[in-house]
Amino acid sequence: MLDMKFLRENLDEAERRLATRGGAGFLDGFRELDSKRLALLRESETLKALRNKVSDEIAGIKDKSQAQDKIVEMRTVSQRIKAMDEELKQVDEELQGILLTVPNLPDPSTPIGASESENVEIRSWGVPPAFGFAAKEHWDIGEQLGILDFERGAKLTGARFTLYRGAGARLERALISFMLDLHTEQHGYVEVLPPFMVNRDSMTGTGQLPKFEEDLFKMQDPEYFLIPTAEVPVTNIHRGEILKRNDLPVCYAAYTPCFRREAGSYGKDTRGLIRQHQFNKVELVKFSHPAESEAELEKLTANAEKVLQLLDLPYRVMALCSGDIGFSAAKTYDIEVWLPGQNCYREISSCSNFGDFQARRAGIRFREEEKSKPEFVHTINGSGLAVGRTVVAILENYQQEDGSVFVPAALRPYMGGLERIV
RNA sequence: GGAGAGAUGGCCGAGUAGGUCGAAGGCGCUCGCCUGCUAAGCGAGUAUACUGGGAAACCGGUAUCGAGGGUUCGAAUCCCUCUCUCUCCGCCA
């Protein structure tokens, strides 16, 4: 959510910066609703002040029959207040409706661009392997090895669900442990294991709601949502809290499954593990001092890259342009891993700085000094990494001509010493 | 699922015949004094949001005692609904 007071004074600037995302009219109606709200608020509060004052006077009058005039007068005042507050509530809701659906302002360092094609490569690491044979795609490799069973996944649930078995299941579990160990032991994150379902307030806090409900799996009665990313429960850990300055940055690493409807992506990545309704992810989340968030995003991105480096998987880092960053993000780096079977780079991690956008929605603050006013923290998060897609990358990059797949050396301790999946 | 108890400020904890309660008291914390050091002691201060004025320091208004409604001139205190927590029984990983 953007700061109302900032918008009041910088509406043109805000609209100009929002326009770089594509689309327009995000803030239509803000000006009128805001001034209407202020007018109603002032009037209502003036009347309440009067009522409070007269009520005190009534309290001081021993003989209530002497107070009848005032009581009758205040009865009218109370009715006016009630009517006014109802109108105010409506205006407030409309205003919130706008504010909650306006995306974040792109950071000044975010490249301006209309779409994915204008993202900017920042750096790359590793060399795509050269094969003396035609590289296969991971679904063929996985099915032939009997470690990925897409047909049975579809039988059990439906499209975009997969059954892992044997070394495949073990590989998924090994990667989760490997990543969590790395981030907690080497990078200083505290491991957390949050609920996989959250309520509406949590989804609103990080920005999935109210605008993107169709992307979520929703439970009825009680109304809970399956998390689309650990970002949601982990960021909301500190919703409504004031953090200690000295505890910043607060850094969490969490493994969770993620559930996404993938509405609107029919026909895209229909085969294989790339786009599933349920997938596993290890997520990194930071609560940072505003002045440090830029540097913390760089560190978090480097932490995610480290996973790929240790697995010896080639990748590149892209700065997403203004037209491609997510709703809540001010700045995003995507890490794209090389997939020989598909002969292209595919996103395996997305690391973003949200500035105070989520913190304002979720009320996550800190005090610079013991006595100073609370300020909003900045939130940062990124995948470290998407586990299913890491399996894809390993299968495709470590495949052999005979169809077997080597296990990356760093992973072998987590695979019971297994060197090769045959 | 059945029966009961409870939700108050950073924490603990008063406050039920409705009024001067943003809320006693204690702890914690901050500043000052005192003290050879530490402990103790003394004094002052110590919620948040919105809003009006002010360059600012700051001053004023409104709201907030789990959440949302209601009664009333006036509610932490009365009524209704919901949520959460705890205890006992049942069930269960």
Side-chain angles (χ1 to χ4, degrees), chain A residues 1-9 30-100 193-205 209 219-225 233 236-248 250 257 287 356-377:
Chain A
M1 193 159 62
L2 300 179
D3 182 5
M4 261 210 284
K5 288 174 190 164
F6 173 83
L7 291 179
R8 223 172 259 164
E9 276 147 38
F30 172 80
R31 190 83 84 188
E32 302 88 290
L33 282 169
D34 181 53
S35 52
K36 194 170 171 190
R37 170 180 168 274
L38 280 181
L40 282 166
L41 191 64
R42 281 178 204 142
E43 205 174 340
S44 161
E45 291 194 345
T46 305
L47 288 175
K48 283 176 185 170
L50 172 68
R51 182 178 67 183
N52 287 344
K53 181 167 150 278
V54 176
S55 286
D56 278 354
E57 290 168 12
I58 293 171
I61 297 173
K62 291 285 188 294
D63 179 0
K64 293 305 181 213
S65 65
Q66 300 291 309
Q68 273 313 304
D69 292 359
K70 291 177 192 288
I71 288 176
V72 169
E73 189 192 342
M74 285 309 105
R75 196 171 291 162
T76 317
V77 169
S78 274
Q79 281 164 4
R80 285 182 61 198
I81 290 173
K82 195 176 169 187
M84 204 161 283
D85 278 353
E86 264 162 38
E87 199 182 345
L88 183 61
K89 193 178 164 189
Q90 274 198 331
V91 171
D92 242 333
E93 276 167 12
E94 281 181 61
L95 200 54
Q96 286 298 310
I98 290 179
L99 289 174
L100 286 173
L193 183 64
F196 302 157
M197 292 183 223
V198 299
N199 57 31
R200 182 168 283 274
D201 284 346
S202 293
M203 283 294 183
T204 306
L209 291 179
M219 324 298 292
Q220 309 278 352
D221 197 27
E223 185 194 63
Y224 290 155
F225 298 86
N236 278 282
I237 288 174
H238 295 300
R239 171 152 48 88
E241 295 183 10
I242 298 177
L243 303 173
K244 295 212 172 11
R245 169 68 181 100
N246 290 336
D247 290 341
L248 301 182
V250 174
F287 301 82
D356 62 10
F357 187 85
Q358 293 181 325
R360 180 172 290 106
R361 284 177 164 245
I364 309 169
R365 297 174 293 176
F366 77 102
R367 287 181 214 276
E368 185 70 58
E369 305 285 345
E370 190 86 28
K371 288 192 173 175
S372 48
K373 276 185 102 60
E375 304 169 51
F376 292 113
V377 301

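These numbers were taken from a predicted model, which means no experiment stands behind them. Chain letters run A, B, ... following the sequence lines, proteins first, then strands; residues in each count from 1.
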Which sits closer to the 5' end of RNA chain B, A/Leu38 or A/Ala59, going by the nucleotide each is nearest to? A/Ala59
Base-pairing mate for B/A76 - Watson-Crick or G-U, with both contacts under 3.5 Å: none
Residue-phosphate contact under 4.0 Å: A/Lys82 side-chain N/O, B/G70 OP1/OP2: yes
So for atom NZ, which belongs to A/Lys244, do other residues, nucleotides or ligands contribute more than 12 heavy atoms lying within a distance under 6.0 Å? no
Looking only at heavy atoms, which two atoms of A/Leu248 and A/Phe287 are closest? And how far apart? CD2-O, 3.6 Å
Check the distance between B/G69's C1' and A/Asp85's CG and give it to me in whole angstrom. 14 Å
Grab the CD1-P distance between A/Ile364 and B/U48 for me, whole Å please. 18 Å
Taking the C1' atom in each of B/C21 and B/U77, what is the distance between them to the nearest angstrom? 10 Å
Between C1' on B/U30 and CZ on A/Arg367, what's the gap in Å once rounded to a whole number? 12 Å
Same-atom distance (P) from B/U71 to B/C79, integer angstrom: 15 Å
B/G43 and B/G36, which share atom name C1', separated by this distance in whole Å: 23 Å
Using only side-chain N and O atoms of A/Ser78, determine if any of them is under 4.0 Å from OP1 or OP2 of B/U72. no
Residue pair A/Phe30 / A/Leu99: nearest heavy atoms and the distance that separates them: CE1-CD2, 4.2 Å
A/Leu47 CG - B/A63 P separation (whole Å): 12 Å
Identify the nucleotide, in any strand shown, that forms a Watson-Crick or G-U wobble pair with B/C91, with both distances under 3.5 Å; if there is none, say none. none
Whole-Å C1' distance, B/U20 and B/C29: 30 Å
What's the CG-P distance between A/Asn199 and B/C82, to the nearest Å? 18 Å
Name the pairing partner of B/C65, where a pair is Watson-Crick or G-U wobble with both distances under 3.5 Å, or state none. none
Tell me whether the OP1 or OP2 atom of B/U51 has a side-chain N or O from A/Arg42 closer than 4.0 Å. no
According to a strict under-4.0 Å criterion, is A/Arg51 in side-chain N/O contact with OP1 or OP2 of B/U62? no
Is B/U35 paired to anything, Watson-Crick or G-U wobble with both distances less than 3.5 Å, and if yes, which nucleotide? none
Whom does B/C86 pair with, Watson-Crick or G-U wobble, provided both distances fall under 3.5 Å? B/G4
Would you say B/A63 has OP1 or OP2 under 4.0 Å from some side-chain N or O of A/Asn52? yes
Rounded to whole Å, NZ of A/Lys5 lies from C1' of B/A49 at a distance of 9 Å
Under 4.0 angstrom between A/Lys89 side-chain N/O and B/G69 OP1 or OP2: yes
For atom P, what is the distance between B/C34 and B/A14, given to the nearest Å? 39 Å
Inter-nucleotide P distance (B/U62, B/G6), Å rounded: 33 Å
Could you measure between the two C1' atoms, the one in B/G22 and the one in B/C37, and give it in whole Å? 41 Å
Contact class for A/Leu41 (heavy atom, under 4.0 Å): base, sugar-phosphate, or nothing? sugar-phosphate
Check whether any side-chain N or O of A/Lys64 sits under 4.0 Å from OP1 or OP2 of B/C73, and answer yes or no. no
Please tell me if A/Arg365 has a side-chain N or O lying less than 4.0 Å from either OP1 or OP2 of B/A47. no
B/G19, B/C50, B/U48: which one has an atom nearest the side-chain heavy atoms of A/Glu45? B/C50
Euclidean distance for P, B/U81 against B/A93 (whole angstrom): 35 Å
B/C73, B/U51, B/A63: which one has an atom nearest the side-chain heavy atoms of A/Arg75? B/C73
Does B/U71 pair with anything, Watson-Crick or G-U wobble, both distances under 3.5 Å, and if so, with which nucleotide? none
Test side chain to side chain contact (heavy atoms under 4.5 Å, CB included), reference A/Met74, set A/Asn52, A/Val54, A/Leu47, output is A/Val54
Base-pairing mate for B/A23 - Watson-Crick or G-U, with both contacts under 3.5 Å: none
Check every strand shown and say whether A/Arg8 touches a base, only sugar-phosphate, or nothing at a heavy-atom separation below 4.0 Å. sugar-phosphate
Atom-to-atom span, CG of A/Asp92 to P of B/A63 - whole angstrom: 16 Å
Between the main-chain N or O of A/Ala359 and the side-chain N or O of A/Arg239, is there a donor-acceptor pair closer than 3.5 Å? no
Tell me which nucleotide among B/C84, B/U62, B/A49 gets nearest to the side chain of A/Tyr224. B/C84
Could you check how far NZ of A/Lys62 sits from P of B/G19, rounded to whole Å? 13 Å
Between A/Lys53 and A/Lys70, who's closer to the 5' end of RNA chain B by nearest nucleotide? A/Lys53
With a 3.5 angstrom cut-off on both distances, give the Watson-Crick or G-U wobble partner of B/A44, or none if there isn't one. B/U30
For A/Arg360 and A/Met1, indicate whether the former's side chain and the latter's backbone hold a donor-acceptor pair under 3.5 Å. yes
Without swapping roles, check the side chain of A/Arg361 against the backbone of A/Leu100 for a donor-acceptor pair under 3.5 Å. yes
Nearest atoms (heavy-atom pairs only) where A/Phe366 meets A/Phe376: CE2-O, 3.7 Å
